[in-house]
Q: 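Let me give you the structure first, and then I'll get to my questions.
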Amino acid sequence: MAGPAALLVSIRHQAGALHTLRAAAAPHPPRSPPQPSHTQTSSAGRSGTLWHSPGEEMEVCEPGGVQELEEERKAAGKSRKEGGESGDPSPPSPGEPGPERLVRRGTLRETALRSKMSRLVEATSRLVQVEQTLLLPLLQQHPLPLHPKDSIEFRNICSHMALQREGQQFERDLHEAHQCLKTIIEKLICSLAIFPSDLYIPVRSALRQILQNLLAV
């Protein structure tokens with residue numbers, strides 16, 4: 001049996017995990033577009049044929065060169081016109097998803113991950129609140145079998161997940177964090193089940209509600 005000290009250890013680690021989860025769930029700062037380098041700007045300026053400084057002579061553009069440029073422009077315009085008349089690009093092959101489908105699939109996946117993260121944050125916050133306000137006072141009189149190591153593991157998983165921010169490893173860590181918190185809540189419910197006292201009914205009810213919200217799809 002364990003008293004309030006073991007529960008306080010669990011709460012401390014769960015609160016640390018909650019802080020990490022909230023930081024990981026915060027929106028990412030927008031990425032600034034890459035700025036062109038000085039070399040690219042200089043080379044781009046030199047590549048223009050018709051740009052001249054005030055004192056530069058116009059002998060660079062010979063009459064024949066101008067005529068060739070005009071012919072190239074006409075040929076490019078003709079090819080663009082023919083391409084427009086030919087219609088849209090060829091559709092993807094039957095087994096290849098179109099770009100709209102890929103974007104939609106990515107958007108749905110991101111929405112599911114955000115929802116899962118939101119439920120994890122909310123369940124952790126609610127669990128800490130229930131333990132502090134309902135369970136801790138009861139442990140002053142009736143010790144319970146508690147498992148602080150699960151809360152330590154939960155915090156470690158959340159810390160590792162926060163370093164990933166995105167990608168497959170992030171998704172795996174998020175799934176493991178869900179499973180670990182689920183285990184913590186289920187063990188608390190089982191521990192409370194061995195005490196038939198009516199004093200534990202509100203705690204069990206609150207824990208079951210947290211578990212139901214965590215597992216909601």
Side-chain angles (χ1 to χ4, degrees), residues 1-28 106-217:
M1 293 294 179
L7 180 60
L8 289 173
V9 172
S10 298
I11 292 175
R12 185 172 68 251
H13 287 288
Q14 293 166 12
L18 177 60
H19 177 76
T20 302
L21 288 172
R22 284 173 172 166
H28 295 193
T107 303
L108 292 175
R109 188 181 189 88
E110 292 173 359
T111 301
L113 288 176
R114 285 196 298 267
S115 176
K116 194 171 185 178
M117 172 65 85
S118 177
R119 294 197 308 272
L120 182 63
V121 173
E122 178 62 27
T124 305
S125 176
R126 181 61 179 148
L127 175 62
V128 171
Q129 181 182 2
V130 168
E131 289 175 329
Q132 289 176 334
T133 59
L134 298 179
L135 186 56
L136 190 58
L138 294 178
L139 290 184
Q140 305 290 342
Q141 302 174 357
H142 305 282
L144 287 174
L146 299 177
H147 309 272
K149 65 181 182 64
D150 294 326
S151 297
I152 297 174
E153 181 183 0
F154 177 62
R155 182 176 185 175
N156 291 337
I157 295 173
C158 293
S159 298
H160 187 266
M161 178 177 60
L163 297 176
Q164 311 303 319
R165 298 292 291 185
E166 59 185 8
Q168 294 182 353
Q169 184 60 50
F170 175 84
E171 295 182 26
R172 286 193 293 267
D173 289 341
L174 179 58
H175 176 73
E176 290 182 8
H178 255 254
Q179 294 300 315
C180 190
L181 186 62
K182 175 176 174 287
T183 299
I184 293 172
I185 299 173
E186 288 176 342
K187 287 184 177 180
L188 281 175
I189 294 175
C190 292
S191 298
L192 291 170
I194 66 177
F195 292 92
S197 173
D198 294 341
L199 296 176
Y200 289 97
I201 293 178
V203 185
R204 288 199 300 265
S205 177
L207 292 174
R208 289 193 182 102
Q209 185 62 49
I210 295 173
L211 185 61
Q212 180 180 349
N213 294 339
L214 176 65
L215 300 179
V217 179

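Just so you know, these numbers use all the heavy atoms, side chains as well, and skip hydrogens, waters and symmetry mates.
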Q: So, using side chain to side chain donor-acceptor pair (under 3.5 Å) as the criterion, who are the partners of Ser151 when residues are at least two apart?
A: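 So Ser151 forms a side chain to side chain donor-acceptor pair (under 3.5 Å) with Gln14.
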Q: What closest approach, in Å, do Ile157 and Cys180 show between heavy atoms, and which atom pair accounts for it?
A: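 Between these two residues, the closest heavy atoms are CD1-CB, 4.2 Å.
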Q: Please check this pair: side chain of Ser118 against backbone of Arg114, looking for a donor-acceptor N/O pair closer than 3.5 Å.
A: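 Answer holds: no.
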Q: Just wondering, do Gln140 and Pro4 contact through their side chains at under 4.5 Å, heavy atoms?
A: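 Pro4 reaches Gln140 side chain to side chain.
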Q: Could you go through Leu163 and Phe170, starting from their C-alpha distance and side-chain angles, then the distance that decides it, and tell me whether this counts as side chain to side chain contact (heavy atoms under 4.5 Å, CB included)?
A: CA-CA 8 Å; Leu163 297 176; Phe170 175 84; over 6 Å; no
Q: Please determine whether side chain to side chain contact (heavy atoms under 4.5 Å, CB included) holds for the pair Ile11 and Leu127, giving the CA-CA distance in whole Å, both sets of side-chain angles, and the decisive distance to 0.1 Å.
A: CA-CA 9 Å; Ile11 292 175; Leu127 175 62; over 6 Å; no
Q: Drop me the distance from Gln179's CD to Leu174's CG, to the nearest 0.5 angstrom.
A: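 One finds 10.5 Å between CD of Gln179 and CG of Leu174.
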Q: Under the side chain to side chain contact (heavy atoms under 4.5 Å, CB included) rule, collect the residues that match up with Ser159, sequence neighbours excluded.
A: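 Counting only residues at least two positions away or on another chain, Ser159 forms a side chain to side chain contact (heavy atoms under 4.5 Å, CB included) with Thr20, Arg155.
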Q: From Leu144 CG over to Leu139 CG, what is the distance, rounded to the nearest 0.5 angstrom?
A: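 Taking CG in Leu144 and CG in Leu139, the distance rounds to 5.0 Å.
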Q: How many angstroms lie between atom CD1 of Ile185 and atom SG of Cys190, to the nearest 0.5 angstrom?
A: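 With rounding to 0.5 Å, CD1 (Ile185) is 12.0 Å from SG (Cys190).
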Q: Are any non-hydrogen side-chain atoms of Leu188 and Leu146 less than 4.5 angstrom apart?
A: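 The answer is yes, as the side chains (C-beta and beyond) meet within the 4.5 Å cut-off.
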Q: Please report the interatomic distance OG(Ser10) to CD1(Ile152), rounded to the nearest 0.5 Å.
A: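 Separation between the atoms: 7.5 Å.
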Q: Surrounding CD of Gln168 (heavy atoms of other residues, nucleotides or ligands, distance under 6.0 Å), is the total greater than 12?
A: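 Incorrect, the count does not exceed 12.
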Q: Measuring from Arg204:CZ to Leu199:CG, what's the distance to the nearest 0.5 Å?
A: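 It comes to 10.0 Å.
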Q: When you check the gap from the basic side-chain N to the acidic O, do Glu122 and Arg126 get nearer than 4.0 Å?
A: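 No, no charged N to carboxylate O under 4.0 Å.
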Q: Can you tell if the side chain of Phe154 reaches within under 4.5 Å of the side chain of Thr183, non-hydrogen atoms only?
A: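 The answer is no, as the side chains (C-beta and beyond) never meet within the 4.5 Å cut-off.
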Q: Among pairs that include at least one residue of residues 132-150, which meet salt bridge (Lys or Arg N to Asp or Glu O under 4.0 Å), considering only residues two or more places apart or in two chains?
A: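 Salt bridge (Lys or Arg N to Asp or Glu O under 4.0 Å) check on residues 132-150 returns Asp150-Lys187.
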Q: So how far is it from Asn156 CG to Glu153 CD, rounded to the nearest 0.5 Å?
A: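 Result: 7.5 Å between the selected atoms.
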Q: Within the side chain of Arg119, is there an N or O that forms a donor-acceptor pair under 3.5 Å with the backbone of Leu215?
A: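 The answer is no, because no donor-acceptor pair under 3.5 Å joins these two groups.
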Q: Which heavy atom in Ala177 sits nearest to a heavy atom in Leu120, and how many Å separate them?
A: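 Closest approach of Ala177 to Leu120: CB-CD2, 3.8 Å.
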Q: Who are the side chain to side chain contact (heavy atoms under 4.5 Å, CB included) partners of Ser125, not counting sequence neighbours?
A: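 Leu18, Arg22.
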Q: If we only count heavy atoms from C-beta on, is the Gln169 to His160 side-chain gap below 4.5 Å?
A: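 With C-beta onward as the side chain, the pair touches.
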Q: Tell me every residue that passes side chain to side chain contact (heavy atoms under 4.5 Å, CB included) with His19, counting only those two or more places apart in sequence or in another chain.
A: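 In terms of side chain to side chain contact (heavy atoms under 4.5 Å, CB included), with neighbours along the sequence ignored, His19 is linked to no residue.
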Q: Any side-chain to backbone donor/acceptor pair from His178 onto Lys116? Under 3.5 Å, distance only.
A: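 Looks like yes, one N/O pair under 3.5 Å.
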Q: Please report the C-alpha distance between Leu136 and Glu131 in whole Å, then the side-chain angles of each, then the deciding distance to 0.1 Å, and finally whether the side chain to side chain contact (heavy atoms under 4.5 Å, CB included) criterion is met.
A: CA-CA 6 Å; Leu136 190 58; Glu131 289 175 329; over 6 Å; no
Q: If I compare all heavy atoms of Leu134 with all of Leu138, which pair ends up nearest, and what's the gap?
A: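 Shortest heavy-atom contact: O-CG, 3.5 Å.
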Q: At their closest point, which heavy atom of Ala6 faces which heavy atom of Pro148, and how far apart are they?
A: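 That closest heavy-atom pairing would be O-CG, 3.8 Å.
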Q: Among all residues two or more places apart in sequence or in another chain, which pass the side chain to side chain contact (heavy atoms under 4.5 Å, CB included) test with Ala123?
A: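 Here the qualifying residues are Leu181, Ile210, Leu214.
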